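These figures come from a predicted structure and were not determined experimentally. By convention here, the first residue in the shown sequence is residue 1.
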Amino acid sequence: MKSLNFGRLCLLLGVLVLEALIAEGFNYGDALDKTLMFFEAQRSGKLPANQRVKWRGDSGLKDGYLQWVNMVGGYYDAGDHVKFGLPMAYTVTMLAWGAIDFKKEITELDQMGNALWSIKWGTDYFMKAHTQPNVLWAQVGDGDSDHYCWERAEDMTTPRTAYKLDQDHPGSDLAGETAAALAASAIAFKPYNSSYSNLLLLHAKQLFTFADKYRGLYDDSIQNAKKFYTSSGYSDELLWAAAWLYRATDDEYFLKYVVDNAVYMGGTGWAVKEFSWDNKYAGVQILLSQILLEGRGGAYTSTLKQYQAKANYFACACLQKNDGYNIHKTPGGLMYVREWNNLQYASAAAFLLAVYSDSLSAANAKLACPEGQIPPQALLDFARSQADYFLGKNPKSMSYLVGYGQQYPIHVHHRGSSIASIFSLQSTVECVQGFETWYRRPEGNPNVIHGALVGGPDQNDNFSDDRSNYEQTEPTLSGCAPLVGLFSKLESVSEAAGNYPKKAPVPRPTTPHSYQETQKTQEPYRSHEAPVEFIHSITKTWTVGPTKYYRHKVIIKNKSEKPIKDLKLVVEDLSGSIWGLNPTQQRNTYELPQWQKVLQPGAECIFVYVQGGPQAKVTVQSYN
């Protein structure tokens, strides 16, 4: 009876360890790789030969032709096919900032090439769009007509009208953000391609001059954009662009600009609790605090300290150390700003605090909050808490990064993901047909859009995986861009770095209707090398596109009358992820969890893996 009870306890603990590993054993490097793939899925234009997202094809190849301008390329904004300039430019700025401040981390993960490609896909487009010093083509596509259709980018029948800004139709916010994007990208590319970097900087300076000289809101000039990406002002973008140009050039003119306009443009006046595609104040304040912490303030130190005071306000609010003026958090610990696509604000804040943490650490400084001096590690801990929430450490145990982990949204509000690929369904999917055949279908999306950070849960951590629930299930460029720097930083400092399989986890639907009943497979495999029995079973199955996936459970049972110590297993033919075993330094070799170093007579322990195709081969390597 004692042996039976111990076996049950082992099984229970095994399940608990499995859940703990899913919740806490995050492979940020894998999350980074998937995030970069999302940007490949969002590409417009002629796709390159090294395109990794194979379900996408060429699209938007005549964008801008009606206006006699080449607007081919760039990124689709979200689950639609409009190329909105303001969030796209912000996205590229954030991608570049990650590649700059976390250059070492991204390089060590062998992802700098992919990161620079994601930036260049945007900057090439921006330079084409900047046809004259005072002309910037700011948008392609009509948001209204685009949203009336549910079709693949490769099948688009909606108007592809291009909209421009010029001196008679200004847009200081959008032109300023594009200048910031190009300036930041110039820094990112400088070590690798100095001539390209110089070209980016030339466009950035011209766009800043245009934005500053001809002032106005872009959505007053492009009315079509107002209901989708309304701008709250342009002063923050002008400061933001100048700050990035100073960092890219060391030209004192730009530093003087942010100092002279600090009060008038709100840089030292606005204390904010949000950083986003629309509100750049927290980003400006932390960017200028970096200059101060590097000891480069010079005659401008006094004003830069005022900027830093507002940067501290934002960071302290995130850490709940701001004398009551804090960010709102859900019961599960997620930063909550607003109902629609809330995760974009959490990802941006997490990135900012990771950046600020590094700068404070390098200067041997602490964060000054109303509730005390806070060590830099606390900022990074907040950033990690948000990233972990995204990846599954939340009340729903749901990964909100599509394709990562074992449970993530499968009804993503995304046209291309939700309709069969052009390569498997070659007939055209018409505008209305898309709604009738694909949008309303209860099954999961046929194409997994890896790395898409969806809108996420509500203020009570509730989430509905429903394609029509666009507030929660639609991904955006702006939400995903901060994750590149964030995940690379967290992977570099993670104690678990390298301890989890690097292969991409395979999909797991979130609805029980997609599963078959638990079923046994072949006869139990009995090792001839040890008195251990492996009992394989398939507990769940599901299909994504043409591929069928299986959740395998393996029971390890001690059939002998003696305890087995230090059991090491070899798991071969494994293409997915594994939980419940600890990897060793040897290839394909695993050991039991730390708490289960001894397997008592008659005791059982379990591990689980997920993959397509046949089961893995499990054998005993050694034991005592």
Exercise. May I have the step-by-step check of side-chain contact (heavy atoms from CB on, under 4.5 Å) for Phe26 and Leu391, ending in yes or no?
Key: CA-CA 7 Å; Phe26 297 119; Leu391 298 180; 3.6 Å; yes
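- Not a single donor-acceptor pair under 3.5 Å links the side chain of Ser399 to the backbone N or O of Tyr408.
- For Gln308 and Asn312, the side-chain atoms include no donor-acceptor pair closer than 3.5 Å.
- Side-chain atoms of Glu491 come within 3.5 Å of backbone atoms of Tyr28 as a donor-acceptor pair (strictly under, hydrogens ignored).
- In Lys305, the NZ atom is not crowded: 12 or fewer heavy atoms of neighbouring residues, nucleotides or ligands sit closer than 6.0 Å.
- In this structure a side-chain-to-backbone donor-acceptor pair under 3.5 Å is present from Thr35 to Ala31.
- The side-chain tip of Arg338 points at the ring of Tyr345 from less than 6.0 angstrom away and within 45° of straight on.
- Looking only at atom types and distance, the side chain of Asp458 has no donor-acceptor partner in the side chain of Gln472 under 3.5 Å away.
- Using a distance-only test at 3.5 Å, with no hydrogens or angles considered, a donor-acceptor pair links the side chain of Ser347 to the main chain of Gln344.
- Here the closest heavy-atom approach between residue Ser418 and residue Trp438 is recorded as O-CE3, 3.2 Å.
- In this structure the side chain of Phe39 never reaches within 4.5 angstrom of the side chain of Ile119, judged on heavy atoms.
- With salt bridges taken as basic N to acidic carboxylate O contacts below 4.0 Å, none links Asp219 and Lys227.
- A donor-acceptor contact shorter than 3.5 Å links the side chain of Asn445 to the backbone of Val412.
- The aromatic rings of Trp150 and Phe435 sit tilted relative to each other, their planes meeting at an angle between 30° and 60°.
- Taking both residues in full, the closest heavy atoms of Gly416 and Asn447 are given as O-ND2, 3.0 Å, listed atom of the first, atom of the second, then distance.
- Remark: Tyr148 OH is loosely packed, at most 12 non-hydrogen atoms of other residues, nucleotides or ligands lying under 6.0 Å away.
- Taking the side chain as every heavy atom from C-beta outward, Gln406 and Val610 approach each other to under 4.5 Å.
- Using a 4.5 Å cut-off on side-chain heavy atoms (C-beta onward), Ile556 and Phe607 make contact.
- To the nearest 0.5 Å, atoms CG (Leu353) and CG (Asp358) are separated by 11.5 Å.
- The distance from the CD atom of Glu274 to the OH atom of Tyr281 is 12.5 Å, given to the nearest 0.5 Å.
- Among all heavy-atom pairs drawn from Ser417 and Ile449, the shortest one is OG-CG2, 3.9 Å.
- At least one side-chain heavy atom of Val493 sits less than 4.5 Å from a side-chain heavy atom of Leu380.
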Practice problem: Could you walk me through whether Lys489 and Asp101 pass salt bridge (charged side-chain N to carboxylate O under 4.0 Å, His left out), step by step? | Solution: CA-CA 9 Å; Lys489 174 60 180 179; Asp101 277 33; over 6 Å; no
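- For CD of Glu339, the number of neighbouring non-hydrogen atoms (other residues, nucleotides, ligands) closer than 6.0 Å is 12 at most.
- Interatomic distance, Gln290 CD to Ile286 CD1, rounded to the nearest 0.5 Å: 8.0 Å.
- The minimum heavy-atom distance linking Arg467 with Gly444 is given by the pair NH2-C, 3.9 Å.
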Practice problem: Report the C-alpha separation of Phe351 and Trp97 in whole Å, then their side-chain angles, then the decisive distance to 0.1 Å, and conclude whether the ring pair (Phe, Tyr, Trp, His ring centres under 6.0 Å) test is met. | Solution: CA-CA 10 Å; Phe351 173 84; Trp97 198 354; 5.4 Å; yes
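- In this structure, CD on Gln111 lies 5.5 Å from CG on Leu36, to the nearest 0.5 angstrom.
- The aromatic rings of Tyr609 and His552 sit parallel to each other, their planes meeting at less than 30°, with 60° as the upper class boundary.
- Thr476 approaches Phe38 most closely through the heavy-atom pair O-CE2, 3.8 Å.
- Counting only heavy atoms from C-beta outward, the side chains of Leu486 and Phe102 never approach each other to under 4.5 Å.
- Between the Tyr404 side chain and the Asn27 main chain, a donor and an acceptor come within less than 3.5 Å of each other.
- The aromatic ring centroids of Phe463 and Tyr400 lie less than 6.0 Å from each other.
- For the 3.5 Å distance criterion, the side chains of Gln42 and His414 qualify, holding a donor opposite an acceptor.
- A side-chain donor-acceptor contact under 3.5 Å links Gln285 to the backbone of Gly267.
- Annotation: Tyr470, atom OH; neighbour count of heavy atoms from other residues, nucleotides and ligands within 6.0 Å does not exceed 12.
- Rounded to the nearest 0.5 angstrom, Leu343 CG and Leu453 CG are separated by 5.0 Å.
- Residues Asp278 and Ser276 bring no donor and acceptor atom of their side chains to less than 3.5 Å of each other.
- A pairwise comparison of heavy atoms in Ala349 and Phe314 identifies CB-CZ, 3.8 Å as the closest pair.
- Asn342 places no side-chain N or O within donor-acceptor distance of the main-chain N or O of Pro457, the cut-off being under 3.5 Å.
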Quiz item: side-chain hydrogen bond (donor to acceptor under 3.5 Å, both in side chains) between Tyr389 and Asp461: does it pass, once the steps are laid out?
Solution: CA-CA 10 Å; Tyr389 189 106; Asp461 301 298; 2.4 Å; yes
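- Remark: side-chain polar atoms of Gln386 are paired, donor with acceptor, to backbone N or O of Gly333 under 3.5 angstrom.
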Quiz prompt | Verdict with reasoning, Arg415 to Tyr439, per side-chain contact (heavy atoms from CB on, under 4.5 Å) | solution = CA-CA 8 Å; Arg415 286 159 175 77; Tyr439 180 79; over 6 Å; no
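- For His147 and Phe228, the gap between ring centers is short of 6.0 Å.
- At least one side-chain heavy atom of Cys316 sits less than 4.5 Å from a side-chain heavy atom of Pro370.
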Practice problem: Might you work through the side-chain contact (heavy atoms from CB on, under 4.5 Å) test for Glu108 and Lys104, ending with a clear yes or no? | Solution: CA-CA 6 Å; Glu108 288 179 350; Lys104 177 176 179 291; 2.8 Å; yes
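- Residues Pro482 and Phe275 have side chains not in contact (no heavy-atom distance under 4.5 Å, counting atoms from C-beta outward).
- Close placement of the Tyr229 and Phe84 rings is indicated, their centers lying within 6.0 Å of each other.
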Quiz item: Are Leu477 and Met88 close enough, and set up right, to give a side-chain contact (heavy atoms from CB on, under 4.5 Å), and what steps lead you there?
Solution: CA-CA 7 Å; Leu477 294 173; Met88 192 196 306; 4.3 Å; yes
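- Between Arg52 atom CZ and Glu40 atom CD the span is 4.5 Å, to the nearest 0.5 Å.
- Put simply, the side chain of Asn394 does not reach to within 4.5 Å of the side chain of Leu334, judged on heavy atoms.
- Between the Glu177 side chain and the Gly85 main chain, no donor and acceptor come within less than 3.5 Å of each other.
- Summarising the local packing, NZ of Lys321 is surrounded by 12 or fewer heavy atoms from other residues, nucleotides or ligands at distances under 6.0 Å.
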